[in-house]
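In listed order, ligands and their atoms are each counted from 1. Model, not experiment: these values are computed from the prediction.
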Amino acid sequence: MSDLITGETGDWEVVIGLEIHAQVTTKAKLFSGAPTEFGAEPNTQVSLVDAALPGMLPVINKEVVRQAVRTGLGLGAKINLVSVFDRKNYFYPDLPQGYQISQYQQPIVGEGEVEVELEDGSEKSIGIERLHLEQDAGKSVHDLHPAKTYIDLNRSGVALMEIVSKPDMRSAAEAGAYVRKMRSILRYLGTCDGNMQEGSLRCDCNVSVRRPGEELGTRCEIKNVNSIRFVQQAIDYEARRQVEIVEEGGEIAQETRLFDPNRGETRSMRSKEDAHDYRYFPDPDLLPLEIEQSFVDALAADLPELPDAKKMRFVEQYGLAPHDADQIVEDRETAEFYESLAEGRDAKLAANWLLGELFAALNKSDNTLADSPISADGFGRLLDMISDGTISGRIAKDVFVEMFESGRDAEAIVEEKGLRQVSDTGAIEALVDGVLAENPDKIAEYKGGKDKLFGFFIGQVMKKSQGKANPALVNELMRTRLDG
Ligand code: ADP
Ligand code: MG
């Protein structure tokens with residue numbers, strides 16, 4: 001499903017490759033023992049290694065290696081038993097070493113693949129080029145003083161995984177689905193918290209345009225986009241900008257750009273360096289990283305069930321539609337909530353209520369499932385009352401609203417408000433007779449052939465019962481009275 005852009009001179013295809021920087025979930029930095037918690041006072045989590053004092057030597061953090069290998073396995077990628085750390089040389093005021101330790105020609109993880117589901121329900125496989133480990137830089141703080149810039153080195157040396165995709169995406173929607181899926185996998189694995197607002201997951205978007213079937217065009221790279229919505233907006237804007245330039249006879253300059261969320265535009269930051277400008281060379285302070293196949297095998301044996309496998313299981317075990325299953329497995333908490341809700345119940349009813357009522361209510365109140373006022377158990381008891389006929393589905397929606405607002409039990413609300421469904425034949429017969437007695441003219445019309453009036457009679461009975469009459473029973477009794 002590639003969304004072509006229609007320009008003045010015909011159709012254009014957008015080509016997108018993403019580089020995702022994911023902060024590795026570990027207590028300590030990549031090459032030092034300094035802590036990594038978010039939100040600490042500036043410069044309180046900086047060892048002498050992170051501050052690059054002369055003579056300090058990096059020591060690899062084994063936990064980071066473990067997390068990178070687990071991520072590679074989760075992406076179905078090739079794990080390289082030997083990888084090499086290189087120095088990537090450049091100057092930033094918040095990069096005290098004057099270089100970043102990264103991996104270049106021999107990354108720890110090679111090619112892999114990620115399956116994404118698109119809006120029309122189809123699936124597409126996006127290639128992963130590589131995953132390598134590298135250090136993060138510090139932060140320059142420009143807004144604390146009118147004329148000065150402050151440097152916070154807490155982030156200096158924090159371990160990042162850079163996950164580079166192949167240029168396989170063809171629309172902003174595909175790129176959005178890819179980032180969402182990647183975040184989901186990382187969170188399942190517990191290798192990155194995926195928090196884009198705090199910057200633990202950042203995305204560089206490489207965008208080019210071409211005529212369908214032609215060679216790849218020149219790309220621009222939009223740096224550090226920090227939400228999925230912005231990724232999509234930046235790509236859409238950038239693709240149109242490039243189409244306009246090319247159609248007017250211009251050429252795309254390979255450059256690094258920034259996305260401005262307030263204006264919804266990208267703007268030039270600097271012309272793009274080529275790899276040779278960084279003068280990469282193997283870091284002489286670090287030996288090549290060698291890991292054993294047995295280490296990899298042990299991690300592989302211990303991976304959690306990942307979203308794709310869980311989705312397939314949900315489709316088979318619970319009979320869910322693939323698209324519903326996809327939404328439910330996106331995060332682990334939702335999947336767990338669903339499984340305890342569906343346990344021993346009508347699994348499709350459970351999925352409908354979870355994706356429908358509960359998700360809508362959470363969205364509206366800007367909450368996540370973690371702060372849901374309704375537990376899986378309490379929600380389940382509401383569904384039980386529908387299944388056993390205590391209340392109708394219609395009434396259950398009102399009960400749900402009340403549960404969500406007050407956090408009270410379904411049973412208590414139903415009892416207090418007298419919402420139990422009336423399934424007592426005598427009581428319903430009385431309502432049916434009442435309605436018929438009030439409408440002799442309508443009965444005549446009905447008998448004269450106006451079949452549609454049947455619905456009117458049913459509606460009147462339901463109204464009289466304040467929605468509580470068992471609809472199946474009302475139907476049955478009304479039929480007997482009118483047609484029997
Ligand atoms: P660099 O560090 O120079 O950005 P990388 O190899 O790390 O290079 O990343 C290149 C990224 O750009 C990859 O995600 C790749 O898929 C993507 N890419 C390469 N060529 C194109 C192109 N013509 N159009 C869009 N994306 C591209
Ligand atoms: Mg790049």
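Annotation: cation-pi geometry not satisfied between R210 and W12 (NZ/CZ under 6.0 angstrom from ring centroid, within 45° of ring axis).
Across S165, G217, S102, S208, heavy-atom proximity to atom 15 (C) of ligand 1 is greatest for S165. Distances from atom 18 (N) of ligand 1 to the heavy atoms of R219, K223, R210, Q254 show the closest one on R219.
Atom numbering of ligand 1 starts at 1 in the shown order; those under 4.0 Å from a heavy atom of L18 are 14 (O). Numbered from 1 in the order shown, with element, the atoms of ligand 1 that lie under 4.0 Å from a heavy atom of E162 read 7 (O). Of all the atoms in ligand 1, the ones that sit under 4.0 Å from a non-hydrogen atom of K166 are 16 (O). Set against the non-hydrogen atoms of E221, the atoms of ligand 1 under 4.0 Å away are 4 (O).
E343 CD: 12 or fewer foreign heavy atoms inside a 6.0 Å radius.
Contacts with ligand 1 closer than 4.0 Å are made by no heavy atom of D168, backbone or side chain. With a 4.0 Å heavy-atom cut-off, ligand 1 is reached by the side chain of V164 but not by its N, CA, C or O.
At a 3.5 angstrom cut-off on N or O pairs, L216 does not count as close to ligand 1. Ligand 1 has a nitrogen or oxygen under 3.5 angstrom from a nitrogen or oxygen of E19.
No side-chain donor-acceptor contact under 3.5 Å links E63 and T26. In this structure, a donor-acceptor pair under 3.5 Å is absent between the side chains of N195 and S200. Between the side chains of R229 and Q232, not a single donor N or O lies within less than 3.5 Å of an accepting N or O. For the residue pair E339/Y318, the side-chain donor-acceptor check at 3.5 Å is satisfied.
Ligand 1 lies out of reach of E129, whose nearest heavy atom is not under 4.0 Å from it.
No option in K181, H323, K124 other than H323 meets the side-chain hydrogen bond (donor to acceptor under 3.5 Å, both in side chains) test with E117.
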Step by step, would you call Q135 with L160 a side chain to side chain contact (heavy atoms under 4.5 Å, CB included)?
-> CA-CA 6 Å; Q135 300 174 300; L160 298 178; over 6 Å; no
